[in-house]
Amino acid sequence: AHQHALQKKYRFSMEIVPYQDWMLEQITQLFVEEYGFDYNNFKSEFEALYSHPFQKSKAFRVAAIDGDVVMGYTSFLYWPLRSSQDELLEAYQCGNVIVGKHHRGKGVFSAILKAINAGIEPFDYDVIIGFPVEASYHGFVRKGWSSPFKLNWHSKIANPILSLFSLSRLTKENRDSLRCENFDLSQFTGTETALTPAFQSFRESILKGLYLIESIPSEDDEIYFEIKYQIRKRILVEAIIGKISKRSGKPFSEHDLKQIMRRSSQFMRATFFSIAITEQASSDALNAVGFNQMKNRQIHFISKDGKRQFAEETKGISLGRADIDTW
């Protein structure tokens, strides 16, 4: 009788289906319960994310449901990549994965991944990429997603004393970021996130915080870079170098890094700089200017092939913290 009661208690009929508008309230509540977000703020930001013109007809969302109950949810934002042959790939980034607290242990996340592997209409893609947290990383790998590399963190002490004068600016409600307008990174060669003006417009719309986003000349080249500033442990100002791209497609150099850090210091004094880059990126240049690798800190990366093969299409790809949807 006890066993029968348990079976009845946990009986459900799960389906994996494309997102529908009726799910919005429940999905919002799942995120609120998990992370303590303000309900109205999260709901507003959630809707804005997918209603942006760049994502509206492209982004794909999927939910695990039991009748009219949402058990879990995953989204795939359109995140175009430029291949090593300079072709635009229909790439998507997996983000916003959630399984309701009351539905764990029922194989919800596993069922969503199985459904994506099998194919869900009308989701069509060349490749999918993602930067999962530790808790979900192994689930992706078990379901056949590749993990060709990780992003390694490096850091460098900058100016601990002068950075204290930056705290008041960082804590102001109205913080003025310095950002390029309509910058077209698709002009740059090499394998990169295809930052066309339309994609940049979308990324600009979801940025939160204080940023320095610029392009500067460097010898016979041009460097595009993104830096995000945030407070650590109440008194430390971290300057995260999220992206460095050169028009020529060449790796960034010691000289390039010095220029970027010099420009950053003119805009905002930082306690330390940090950068997360792929393992094959310019470690020699980082070492030359005093960056040290943080041995126990990495960002997982995963990929899934669709109509194209990620490993073949993106040889030598260089990704950073700014390529993650939470940037």
Would you say the ring centroid of [X] lies under 6.0 angstrom from that of [Y]?
| X | Y | value |
| --- | --- | --- |
| Tyr229 | Tyr211 | no |
| Phe60 | Tyr50 | no |
| Phe76 | Tyr92 | no |
| Phe301 | Tyr137 | no |

Determine, step by step, whether Asp256 and Ser253 satisfy the side-chain hydrogen bond (donor to acceptor under 3.5 Å, both in side chains) criterion, reporting the C-alpha distance in whole Å, the side-chain angles of both residues, the deciding distance to 0.1 Å, and the verdict.
CA-CA 5 Å; Asp256 299 331; Ser253 67; 3.0 Å; yes
Checking Thr74 side chain against Val97 main chain: does a donor-acceptor pair fall under 3.5 Å?
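No: the side chain of Thr74 does not pair with the backbone of Val97.
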Hey, is [X] close enough to [Y] for a salt bridge, meaning N to O under 4.0 Å?
| X | Y | value |
| --- | --- | --- |
| Asp323 | Lys243 | yes |
| Arg263 | Glu214 | yes |
| Glu25 | Lys43 | yes |
| Glu45 | Lys208 | yes |
| Glu222 | Arg247 | yes |
| Arg308 | Glu313 | yes |

Measuring from atom [atom1] of [X] to atom [atom2] of [Y], what distance do you get when rounded to the nearest 0.5 angstrom?
| X | Y | atom1 | atom2 | answer |
| --- | --- | --- | --- | --- |
| Trp145 | Asp305 | CH2 | CG | 10.5 Å |
| His52 | Ser201 | NE2 | OG | 4.0 Å |
| Ser155 | Phe273 | OG | CZ | 12.0 Å |
| Asn96 | Ile98 | CG | CD1 | 8.5 Å |
| Thr314 | Leu81 | OG1 | CG | 7.0 Å |
| Ile240 | Ile275 | CD1 | CD1 | 11.0 Å |

Evaluate side chain to side chain contact (heavy atoms under 4.5 Å, CB included) for Leu24 paired with Tyr19, printing each intermediate quantity in order.
CA-CA 9 Å; Leu24 175 60; Tyr19 170 87; 3.4 Å; yes
pair Phe252-Ile260: side-chain heavy atoms closer than 4.5 Å:
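A side-chain contact under 4.5 Å is absent here.
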Please check if any side-chain donor atom of [X] sits under 3.5 Å from a side-chain acceptor atom of [Y], or the reverse.
| X | Y | answer |
| --- | --- | --- |
| Ser13 | Asp66 | no |
| Thr326 | Arg321 | yes |
| Tyr73 | Gln26 | no |
| Gln200 | Arg203 | yes |

Trace of the side chain to side chain contact (heavy atoms under 4.5 Å, CB included) decision for Val108 with Met14
CA-CA 8 Å; Val108 175; Met14 181 165 51; 3.9 Å; yes
Applying the side chain to side chain contact (heavy atoms under 4.5 Å, CB included) test to Val99, which of Arg104, Met71, Glu34 qualifies?
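In the set Arg104, Met71, Glu34, the residue that makes a side chain to side chain contact (heavy atoms under 4.5 Å, CB included) with Val99 is Arg104.
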Where does the angle between the aromatic ring planes of Tyr125 and Phe123 fall among parallel (under 30°), tilted (30 to 60°) and perpendicular (over 60°)?
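Tilted.
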Anything under 30° is parallel, anything over 60° is perpendicular, the rest tilted; go ahead and classify Phe140 against Phe109.
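Taking Phe109 first and then Phe140, their aromatic rings stand perpendicular (interplane angle over 60°).
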Of Lys307, Arg82, Lys58, which meets salt bridge (Lys or Arg N to Asp or Glu O under 4.0 Å) against Glu90?
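Among Lys307, Arg82, Lys58, the one meeting salt bridge (Lys or Arg N to Asp or Glu O under 4.0 Å) with Glu90 is Lys58.
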